[in-house]
Amino acid sequence: AILCSTQSTATRRRIILFPLPFQGHINPMLQLANILHTQGFEITIIHTQFNSPNHSNYPHFTFKPISDSFFDIESQLKTKTDAGYILQYLNGICEDPFRDCLAGLLAEYDEGSISCLITDAGLYFTQAVVDSVKLPRMVLRTSSLACVLSYGALPFSSENGYFNLTKEDSNYEASVPEFPLMKAKDVAKMTTNPEAMGSFVTKMLNQMKASSGLIWNTFKELEEDALETICQDFPVPSFTLGPFHKYFPASSSSLIEQDQNVLAWLDTKAPKSVIYISFGSVALITESEFQEVAHALMNTGLPFLWVVRPGIVPGSEWLEPLPEEFLERVGDKGRIVKWAPQQDVLAHPATGCFWTHCGWNSTLESICEGVPMVCSPCFVDQPVNARYVSDVWKIGVFLEDGLDRVGIEMAIKRVMMDKEGEEMRERINSLKEKVNVSLEEGGSSHQSVKALVNYISSF
Ligand code: UDX
């Protein structure tokens, strides 16, 4: 264990945590809860019934489900990826049940025994609720720092034209003046509903500023410049104690069962020979993109482990859109599963490349195992992350023009076979070293944990 238990520091006060009900947000929130528990805090998790975490994996926590009616969201998630709309809707319907739940908790525990509430940054409505009962709120932001800077800088409006660009537009490839690292075509990928996204982002950023402090799943050495800007822009303390999965793995908060058989299959493969493909828990791809992926994998001839989450291709149950004879042609060279033990796969010596949608958890998990990436971002923070991976840290190749078999094959070969890929591997291994140093006694993330515990204890 990286953290020693220091029960005395916090005198066993209670922290209430409330995650956004999506895999990429639940994982870091429950990891943070575990980190705080080792530091001597009691933990209560408020959660929606939609995507409920598995209580039995956390006998040391208390859980409070709030009532919700999410059938609407579930069906929308199958076809739409309009995060701005869905997140605002969630903020609306959670408000009353959350207020009641919090009032119940305040009545249940002695006065002063609850230190604070920690919510996902996306649950901005909670700030007004805690203000009315005078409880401090800390915010967990589960993305990179750079993502928040891009959200603050970019004009989310259909008027500026970024969000309805096509390849034919002259500025499609140009960098955007508001956030020059990104090209207009990257910004276009972030949302299909810029007004909803802009309205959500404004509320989230305002309520982050109104909070008592910000907790980030990143580490200082990875995003040093961005951290400086964040500290200037947000007038509350920031704590960068990530990557959280290095303290506690994501497997115990997995909402889908992870297929453990893949590890024995990886054991049969040569070192760094396998491409691991996963686009996370919410991204969707079209049937023709799915087929391009399959053709590209056949054409590279390299072994692969492909996570096809049921529902990733709207309108299909699972593997129906695969090209004919795909499975016979691939044989034992390829493995397709519904959900994988991702951290173990990335840590396996046979894994040579991660073709990812660049969700922030996936990006961090890849960095921590020194696995270079091919990036196919779908929306929200993913295009920013992909730009950092390819242009800033130079640890991967960005498939910036979408999924076509020729482009995919070239990108994979650049990472797996070219000298350029070797250099990416060296750079990502050096970041991996930096992560390890930051987590050791005296390292930046380790110090940040201590600073956070002291800060919360001062409430
Ligand atoms: C979402 C957003 O899409 C992402 O951009 C944002 O940064 C966080 O919220 P998601 O798309 O699910 O998350 O991606 P990601 O952040 O990468 O999180 C996925 C998590 O699921 C990771 O912790 C990963 O280890 C886990 N996972 C993924 C599995 O356990 N098995 C799998 O097969 C795939």
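Just so it is clear, the values below take in all heavy atoms, side chains as well, and ignore hydrogens, waters and symmetry mates. Both ligands and their constituent atoms are indexed starting at 1 by order of listing.
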Problem set entry | K209 to F234 six-membered ring, cation-pi geometry met (6.0 Å, 45°) | yes
Among protein heavy atoms, which sits nearest to [atom], and what does the distance come to when rounded to 0.1 Å?
atom	value
atom 7 (O) of ligand 1	D381 OD2, 2.6 Å
atom 34 (C) of ligand 1	Q342 OE1, 3.2 Å
atom 2 (C) of ligand 1	Q382 NE2, 3.8 Å
atom 17 (O) of ligand 1	S362 OG, 2.5 Å

Exercise. Going through the checks in order, is the side-chain contact (heavy atoms from CB on, under 4.5 Å) test met by V415 and M373?
Worked result: CA-CA 7 Å; V415 174; M373 288 165 254; over 6 Å; no
Problem set entry | K413 NZ: over 12 foreign heavy atoms closer than 6.0 Å |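 Yes, enclosed.
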So, does [X] sit close enough to ligand 1 that a heavy atom of it is under 4.0 Å from the ligand?
X	value
Q343	no
S278	yes
W306	no
W339	yes
T142	no

For this session: Closest by any non-hydrogen atom to atom 14 (O) of ligand 1: pick that one out of H357, Q258, E257, Q23.
Result: H357
Exercise. What do you reckon, does A340 have a nitrogen or oxygen under 3.5 Å from a nitrogen or oxygen of ligand 1?
Worked result: yes
